[in-house]
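Shown next, in structure tokens, is the structure this report addresses.
Quick caveat: nothing in here was measured; it's all calculated off a predicted structure.
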Amino acid sequence: MTGQSTEEIVCRRLVGRTAVITGAGSGIGLATARRLGSEGANVVCADIDETAGKAAAEEVGGTFVKVDVTSPEEVEALFKTAFDTYGSVDIAFNNAGISPPEDDSILTTGLEAWKRVQDVNLTSVYLCCKAALPYMRRQGRGSIINTASFVAIMGAATSQISYTASKGGVLAMSRELGVQFAREGIRVNALCPGPVNTPLLQELFAKDPERAARRLVHIPLGRFAEPTEIAAAVAFLASDDSSFINATDFLVDGGISGAYVTPL
């Protein structure tokens, strides 16, 4: 059984709002660009891949900005472009991330691999939040959604140590920012997806089917999430429908974190 196609659902909760999405060229980022665009948002698609990012922006009628999310200057320029183009920064979906094969057990993961994952997955979120918050504070409103993971709250014996640690950092930082800026009308939440059927996951598991099977058995729903299902959660967190949801770990994991054993 597959998930419900969110593309069939028509909501218009984000008309006139500006959303900045990092990693918008593929996977969860692309699905979210489509979803937020369909809900009326002005979408700024940021990606290091110029071809994929431009294609995403053209598809949703938005604006493309090429950005290295580990560069403070490029991240600041991204949010300035969003504001200069559309007049506001209402939604920041800080989603860009990597999961390279050299990030494995702590016993085999080298320091360079550790640092690279931390830079892309955690430092970039710090930079994006730091750049987005001044616009949101002046407006007196905003929703920041940072991509963490269900591994931020659970341990795995099949470790990707730097990825797991980076997502734990995203969760803790999101919680603190949500508390700090709540009375200024700004909400900050950490989106915690379970495994998602994206090119990143497909590539990882194509190389190691046993690794995929070992993970799949722990999901009560018996399947990986589709990117559109995660995009629907982002749209909810971006909208006023989630106006009292703040500083939390928003789990979209098919029940993994609630399971002791799963159906056979």
Side-chain angles (χ1 to χ4, degrees), residues 3-69 74-97 124-125 127-129 131-136 138-139 141-147 186-187 189 191 193 196-200 225-242 252:
Q4 182 182 17
S5 172
T6 55
E7 293 174 350
E8 297 171 1
I9 301 170
V10 180
C11 299
R12 300 289 290 176
R13 297 175 292 187
L14 305 175
V15 174
R17 300 188 190 183
T18 302
V20 178
I21 301 172
T22 62
S26 65
I28 294 170
L30 177 57
T32 301
R34 290 167 174 160
R35 179 61 188 254
L36 301 192
S38 76
E39 294 217 18
N42 304 310
V43 182
V44 179
C45 297
D47 207 290
I48 198 166
D49 184 331
E50 192 166 355
T51 301
K54 279 185 176 178
E58 288 173 7
E59 181 182 341
V60 303
T63 299
F64 168 67
V65 179
K66 183 177 181 180
V67 62
D68 174 355
V69 291
E74 292 189 24
V75 168
E76 287 180 13
L78 165 65
F79 285 91
K80 184 177 187 302
T81 297
F83 181 80
D84 289 348
T85 304
Y86 298 112
S88 65
V89 176
D90 304 290
I91 301 152
F93 181 37
N94 302 322
N95 168 69
S124 75
V125 175
L127 292 173
C128 287
C129 290
L133 278 164
Y135 296 102
M136 294 181 174
R138 287 199 297 269
Q139 296 163 183
R141 68 179 190 280
S143 176
I144 296 175
I145 303 117
N146 296 324
T147 299
I186 301 165
R187 296 181 296 111
N189 290 292
L191 180 72
V196 184
N197 184 23
T198 63
L200 189 68
E226 292 300 322
T228 51
E229 294 176 298
I230 308 303
V234 179
F236 170 67
L237 291 173
S239 77
D240 293 340
D241 284 349
S242 61
V252 190

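- Side-chain contact between S124 and V75 is absent, with no heavy-atom pair separated by less than 4.5 Å.
- Here CG of L36 is found 8.5 Å from CZ of F93. Values are rounded to the nearest 0.5 Å.
- A 4.5 Å side-chain heavy-atom check between V234 and R35 finds every atom pair outside the cut-off.
- Inter-residue side-chain proximity for D240 and R17 is flagged as met; some heavy-atom pair is nearer than 4.5 Å.
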Would you sort out whether V196 and I28 count as a side-chain contact (heavy atoms from CB on, under 4.5 Å), showing the intermediate values?
CA-CA 8 Å; V196 184; I28 294 170; 4.0 Å; yes
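- Within the 4.5 Å cutoff, side-chain heavy atoms of Y135 are placed close to those of K80.
- Judged by distance alone, the side chain of T18 and the main-chain N or O of N42 form no donor-acceptor pair under 3.5 Å.
- Put simply, the side chain of S88 never gets that close to the backbone of D90: no donor and acceptor are under 3.5 Å apart.
- With R187 contributing its side chain and S242 its backbone, the two residues share a donor-acceptor pair below 3.5 Å.
- A distance of 10.0 Å separates CG in D47 from NZ in K66, rounded to the nearest 0.5 Å.
- Under the 4.5 Å side-chain criterion, counting only non-hydrogen atoms from C-beta, L78 is not in contact with E74.
- Contact between V252 and A233 at its shortest, heavy atoms only, is CG2-CB, 3.7 Å.
- Within the 4.5 Å cutoff, side-chain heavy atoms of F236 are placed close to those of R13.
- Taking a cutoff of 4.0 Å between a charged side-chain nitrogen and a carboxylate oxygen, K54 and E50 qualify as a salt bridge.
- To the nearest 0.5 Å, atoms CG (D68) and CG (L127) are separated by 9.5 Å.
- Counting all heavy atoms, side chain and backbone alike, F79 lies closest to A92 at CE2-CB, 4.0 Å.
- Minimum heavy-atom separation, A131 to P134: O-CD, 3.5 Å.
- Counting all heavy atoms, side chain and backbone alike, I144 lies closest to C129 at CG2-SG, 3.9 Å.
- With T22 contributing its side chain and N95 its backbone, the two residues share a donor-acceptor pair below 3.5 Å.
- Shortest non-hydrogen contact noted between M136 and V89 is CG-O, 3.4 Å.
- In this structure, N189 contributes its side chain and I145 its backbone to no donor-acceptor pair below 3.5 Å.
- Residues L30 and P227 have side chains not in contact (no heavy-atom distance under 4.5 Å, counting atoms from C-beta outward).
- Rounding to the nearest 0.5 Å gives a distance of 4.5 Å between CG of L14 and CD1 of I91.
- Distance check: R141 CZ to I186 CD1 gives 10.5 Å after rounding to the nearest 0.5 Å.
- Looking only at distances, a side-chain donor or acceptor of S143 sits under 3.5 Å from a matching main-chain atom of L237.
- The distance from atom CG of L133 to atom SG of C128, rounded to the nearest 0.5 Å, is 11.0 Å.
- Residue A56 comes nearest to A24 through the heavy atom pair CB-O, 3.5 Å, listed as atom of the first residue, atom of the second, then distance.
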